[in-house]
Amino acid sequence: MPVSTVSPPRRSRSSMIEETRARLLAAARHAFAEQGYANTSMDDFTAAAGLTRGALYHHFGSKEKLLLAVIDQLEGEVGERLQAMADAAPSSWQAFRRRCQGYLELALVPELRRIILQDARAMFGDVPQAHQSVGIAALQAALQGLIDEGVALPAHTGVTSRMLYGAVTEAAFWIAEADGDPPARLAMSLAALDKLLTGLLADPASAFTSQEPSHAMEK
């Protein structure tokens with residue numbers, strides 16, 4: 001009897017497109033982290049992905065838009081990691097504090113320091129607006145919860161969360177500057193952050209009686 005053969009299922013066009021995009025993103029992310037956006041050759045990282053420059057233009061339109069896609073991916077991961085830090089905290093106040101500390105600690109993670117805190121600012125002047133909105137919303141929700149619990153003093157959460165987000169973001173940019181001393185700047189920034197956060201509290205003394213040590217985010 002003839003042996004029947006079953007051909008492997010053909011992949012859909014959408015799955016092939018997603019695979020190509022993922023390969024380009026992975027290659028670009030590695031290249032940007034290792035060499036920096038300005039020093040990265042499109043031909044080098046498309047070759048590393050086994051693709052052509054034409055594939056990059058087809059899927060992303062430009063090197064700049066590819067950088068934005070890499071930033072989107074990284075910011076999504078950052079949001080998950082900050083939420084995990086908050087979820088592991090022993091109280092809602094410490095969760096709020098750890099979220100703010102965690103963003104400062106991004107500056108010690110080489111990939112995030114290079115791509116988000118150096119290259120993104122050099123290219124776009126700031127964190128993309130969509131990610132600012134997500135970060136501000138998370139702070140606003142957490143702050144409102146603290147106010148409802150009586151832990152924080154009543155305040156306009158919209159403006160307060162924006163001011164706090166701006167302060168933390170600018171400090172992270174400062175920590176990440178190429179000519180600075182990131183660990184020393186982080187220590188100074190964490191100390192300043194606690195002084196800033198103290199002003200939000202209804203009872204600062206009780207809120208800081210048990211402080212867990214701060215640890216830089218792992219790579």
Side-chain angles (χ1 to χ4, degrees), residues 25-26 28-40 64 66-89 93-140 142-143 160-200 211-219:
L25 272 172
R29 178 170 168 170
H30 177 76
F32 294 158
E34 291 295 318
Q35 304 169 41
Y37 176 82
N39 298 321
T40 297
E64 181 178 307
L66 180 56
L67 173 61
L68 282 171
V70 170
I71 292 170
D72 284 345
Q73 187 179 70
L74 288 171
E75 287 281 4
E77 295 172 9
V78 166
E80 292 175 358
R81 292 160 77 171
L82 293 179
Q83 186 60 52
M85 286 182 178
D87 291 342
W93 161 248
Q94 292 292 359
F96 185 75
R97 180 170 172 254
R98 283 300 295 132
R99 182 181 290 277
C100 296
Q101 289 174 330
Y103 198 88
L104 294 177
E105 292 163 1
L106 297 180
L108 297 192
V109 181
E111 180 184 47
L112 301 176
R113 179 186 178 203
R114 189 66 168 277
I115 297 175
I116 293 180
L117 297 174
Q118 292 180 351
D119 287 347
R121 182 165 229 194
M123 287 297 298
F124 310 115
D126 209 338
V127 177
Q129 183 62 46
H131 301 301
Q132 291 186 42
S133 298
V134 171
I136 290 169
L139 288 176
Q140 185 171 359
L143 179 58
T160 304
S161 60
R162 282 168 173 77
M163 293 175 72
L164 183 57
Y165 180 87
V168 170
T169 301
E170 284 299 317
F173 284 134
W174 177 68
I175 296 166
E177 288 178 357
D179 60 349
D181 180 346
R185 288 186 175 191
L186 173 61
M188 288 186 281
S189 297
L190 290 172
L193 174 66
D194 272 346
K195 291 180 180 179
L196 185 65
L197 295 181
T198 298
L200 301 174
Q211 297 183 12
E212 77 282 11
S214 172
H215 300 287
M217 297 173 68
E218 295 182 356
K219 193 173 179 182

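Since this is a predicted model, take the numbers as computed values, not measurements.
- Side-chain atoms of Tyr37 come within 3.5 Å of backbone N or O of Glu64 as a donor-acceptor pair.
- Asp87 meets the side-chain hydrogen bond (donor to acceptor under 3.5 Å, both in side chains) test with Gln83; sequence neighbours excluded.
- Counting heavy atoms from C-beta on, the side chains of Met123 and Ile71 never come closer than 4.5 Å.
- In this structure Glu77 satisfies the side-chain hydrogen bond (donor to acceptor under 3.5 Å, both in side chains) test together with Arg29, sequence neighbours excluded.
- One finds the CG atom of Leu164 at 8.0 Å from the CG atom of Leu143 (value rounded to the nearest 0.5 Å).
- By the 4.5 Å heavy-atom criterion applied to side chains, Ile116 and Leu106 are not counted as neighbours.
- In this structure the side chain of Met85 reaches within 4.5 angstrom of the side chain of Glu105, judged on heavy atoms.
- Looking at Thr169 and Gln132, their side chains never come closer than 4.5 Å, going by heavy atoms from C-beta outward.
- Side-chain contact between Asp72 and His131: present, with at least one pair of heavy atoms (C-beta onward) separated by less than 4.5 Å.
- Every pair passing side-chain hydrogen bond (donor to acceptor under 3.5 Å, both in side chains) that includes a residue from residues 114-123 is listed here, sequence neighbours excluded: Arg121-Glu170.
- Here Asp181 pairs with Pro183, Ala184 under the side chain to side chain contact (heavy atoms under 4.5 Å, CB included) rule; sequence neighbours left out.
- Partners of Phe173 under the ring pair (Phe, Tyr, Trp, His ring centres under 6.0 Å) rule, at least two apart in sequence or in another chain, do not exist in this structure.
- Evaluation of the salt bridge (charged side-chain N to carboxylate O under 4.0 Å, His left out) rule for Arg185 yields Glu177 as partners, not counting sequence neighbours.
- Considering only residues two or more places apart in sequence or on other chains, Ser189 meets the side chain to side chain contact (heavy atoms under 4.5 Å, CB included) condition with Leu104, Ala171, Trp174, Ile175.
- Under the rule for a side chain to side chain contact (heavy atoms under 4.5 Å, CB included), the partners of Ala142 that lie at least two apart in sequence or sit in another chain are Phe96.
- Residues satisfying the side chain to side chain contact (heavy atoms under 4.5 Å, CB included) test with Ser161, not counting sequence neighbours, are Ile136, Leu139, Gln140.
- Taking CD of Glu75 as the reference point, atom CD1 of Ile115 lies at 11.0 Å (rounded to 0.5 Å).
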